[in-house]
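Here it is: the structure, laid out below.
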Amino acid sequence: MYSIHSPAVTLTIAGSEATGGAGAQADLRTFQELGTYGAAALTCIVAFDPNDDWNHRLTRVAPDVLENQLEAIQANFTGQLDTVKLGMMGSVETIEVVANALQSQQWQNIVLDPVLICKGQEPGAAQDTDEALKSKLLPLATVTTPNHFEAEQLSGMSITNLDELKDAARKIYDTAGTAVLAKGGIRLDGPEAVDVFYDGSHLEVLSVPKIGNHAVSGAGCSLAAAVTAELAKGRTALEAAERAKDFVTAGITQRVEAATPYDIMWQGGLRRTQ
Ligand code: PXL
C-alpha cells in the first residue's frame, strides 16, 4: 500500500558547490528539513581548488541545458510549483534564461539571493552579471536577501551601522519593490548579529547574539532557502524571515567542520538532540 503526499513544492535555481556547503546542495537540505519538496536546476558548478587557497573554479552550465532543466521541472509540477529561490547565476546568458522561465508562469514567491560574490572572492569580478541580476531578476523578485556587501551594492550606500542597514533596506524596497531581508550578520560591530526586514509597510529588526566572529559557509544560501520553504508553506514574508533566522542560527551553532577556511552550517540544527 502507498499513500500520496502533497508537500509544498520548492525550486532552487542555483549553482552546485560540490563540497555541499553552499549552493543547491544547501538549498535542498534546507527544503527537506523544513518539509518542502525540493527540485533544483543548476546554473553552474563550483569546485574549490584545495591546491590554490580553495579558490572557486566555476564552470557555467550551458544556457540550453539550464533551459531543459527548467522545462522538465515546470512541466512536472504544473499547478503545484509557485515558489522559487534564485541563487548564484554565473553569467548574463543564465540570467536571461531564468528571467524567461520566470515570466512563463505565475508565481506566488520569487526569493532572490543576490549572490554577487562568494566569501573570499574579489568584488566586482563579474560586473556584467551583477548588472543583469539587478535589471532582469530583481524586478521579478518578491523577496530579496542581500548580505552586507550585496546590500551596499544594491542600495548604492555604505553600511556601517544598524541605521544605515535600515536605510539600505528601505532604499532597495523603494527602487525594486521587493520585500527585503538585509543581513548585517557578523559584519556590523556589536554583540548582536542584526538583520533588517522591510516590506514597504513594516520594518523589523531581527537580532540574535553573535555566535563567534567567523563566517560560515551556507548561511546565506540556507537563509534564503528557509525563507523560500516557509513562504511555500503559506507563511507571511516576515514570519518566514523570522523562522529562517532561527533555522540559520541553530545551524551556525551546530556546524560541520571542514578543511576550507570556513566551517559549514548544519541544516539539522533545529532538530532536538537526543
Ligand atoms: O555562498 C554563496 C554561494 C552560492 N552558490 C554557490 C557557491 C557559493 C559560495 O561558494 O559556491 C554555488
Side-chain angles (χ1 to χ4, degrees), residues 10-31 38-50 52-62 65-66 69 84-95 97-98 111-126 129-130 132-133 137-138 141 143-154 181-187 193 195 214-228 244-245 247-248 251-252 255-256 258-267:
T10 42
L11 165 62
T12 179
I13 307 177
S16 160
E17 191 276 87
T19 73
Q25 289 87 336
D27 293 343
L28 289 176
R29 286 202 302 278
T30 301
F31 291 162
L42 295 183
T43 56
C44 58
I45 296 178
V46 171
F48 299 152
D49 186 350
D52 180 21
D53 278 343
W54 303 97
N55 251 330
H56 293 202
R57 294 175 292 197
L58 179 83
T59 306
R60 294 177 176 86
V61 168
V65 177
L66 175 59
Q69 296 174 74
V84 58
K85 186 214 136 169
L86 313 179
M88 185 191 278
M89 292 292 136
S91 75
V92 175
E93 294 74 23
T94 303
I95 288 172
V97 169
V98 171
V111 179
L112 172 64
D113 187 13
V115 179
L116 296 182
I117 50 162
C118 291
K119 278 187 273 302
Q121 284 188 308
E122 282 299 307
T129 312
D130 298 355
L133 188 132
L137 295 183
L138 190 58
V143 181
T144 189
T145 59
N147 63 20
H148 178 255
F149 171 79
E150 292 153 354
E152 288 191 325
Q153 295 297 308
L154 296 183
L181 177 57
K183 300 173 281 181
I186 59 166
R187 304 282 166 214
D195 304 333
H214 207 60
V216 297
S217 273
C221 300
S222 302
L223 184 85
V227 168
T228 306
K245 175 125 177 155
F247 180 80
V248 169
I252 293 173
R255 345 181 158 187
V256 178
T260 43
Y262 307 100
D263 287 337
I264 299 165
M265 74 151 265
W266 169 233
Q267 283 77 17

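The figures that follow rest on heavy atoms only: side chains count, while hydrogens, waters and symmetry mates do not. We count residues from 1, following the sequence as given. Note that the structure is predicted; figures quoted are calculated from it, not measured. In each ligand, atom 1 is the first atom listed, and ligand 1 is the first ligand listed.
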**Study point:** Leu86 backbone acceptor or donor facing Asp113 side chain under 3.5 Å
**Key:**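 Between the backbone of Leu86 and the side chain of Asp113 there is no qualifying donor-acceptor contact (under 3.5 Å).
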**Study point:** Over all atoms of both residues, closest heavy-atom pair of Thr145 and Glu150
**Key:**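 Smallest heavy-atom distance, with atoms named: O-OE1, 4.1 Å.
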Review point. Can you list the ligand 1 atoms lying under 4.0 Å from a non-hydrogen atom of Val46?
Key: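 This gives 11 (O), 12 (C) as the contact atoms.
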Check your understanding: Taking only heavy atoms of Gly23, which atoms of ligand 1 are found under 4.0 Å from at least one of them?
Key ->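 It comes down to these atoms of ligand 1: 5 (N), 6 (C), 12 (C).
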Check your understanding: Under 4.0 Å from any heavy atom of Met88, which atoms of ligand 1 are there?
Key ->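 Counting from 1, the qualifying ligand atoms are 5 (N), 6 (C), 7 (C), 8 (C).
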Review point. At a 4.0 Å threshold, what atoms of ligand 1 neighbour a non-hydrogen atom of Glu17?
Key: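 Per the distance check, 11 (O), 12 (C).
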Practice item. Determine which pairs satisfy salt bridge (Lys or Arg N to Asp or Glu O under 4.0 Å) with at least one residue from residues 216-227, sequence neighbours left out, and list them in order. Key: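 Qualifying pairs, neighbours excluded: none.
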Exercise for review: Pull out every atom of ligand 1 sitting under 4.0 Å from any heavy atom of Gly15, numbered as shown with elements.
Suggested key: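 Per the distance check, 12 (C).
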Review point. Would you say Ser16 contacts ligand 1, with heavy atoms under 4.0 Å as the rule?
Key: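 Ser16: in contact with ligand 1 (<4.0 Å).
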Exercise for review: Check side-chain hydrogen bond (donor to acceptor under 3.5 Å, both in side chains) between Thr129 and all other residues, then give those that pass, not counting sequence neighbours.
Suggested key: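 For Thr129 there are no side-chain hydrogen bond (donor to acceptor under 3.5 Å, both in side chains) partners, ignoring immediate neighbours.
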Practice item. Heavy-atom contacts with Cys221 under 4.0 Å: which atoms of ligand 1 show up? List them by number with element. Key: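 Heavy-atom distances to Cys221 below 4.0 Å select 1 (O), 4 (C).
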**Study point:** Closest non-hydrogen atom pair, Tyr262 against Ala215
**Key:**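 Minimum heavy-atom separation between Tyr262 and Ala215: CD2-O, 3.4 Å.
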**Study point:** Phe247 versus Ala226, closest heavy-atom pair with distance
**Key:**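 That would be CD2-CB, 3.9 Å.
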Exercise for review: Please work out whether the ring planes of Trp54 and Phe48 are parallel, tilted or perpendicular, with thresholds of 30° and 60°.
Suggested key: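 Rings of Trp54 and Phe48: perpendicular, as their planes differ by over 60°.
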Practice item. Could you list the atoms of ligand 1 found under 4.0 angstrom from a heavy atom of His56? Key: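 Under 4.0 Å from His56, ligand 1 has these atoms: 9 (C), 10 (O).
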Point to revise | Ala14 to ligand 1, any heavy atom closer than 4.0 Å | key: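 No, Ala14 has no heavy atom closer than 4.0 Å to ligand 1.
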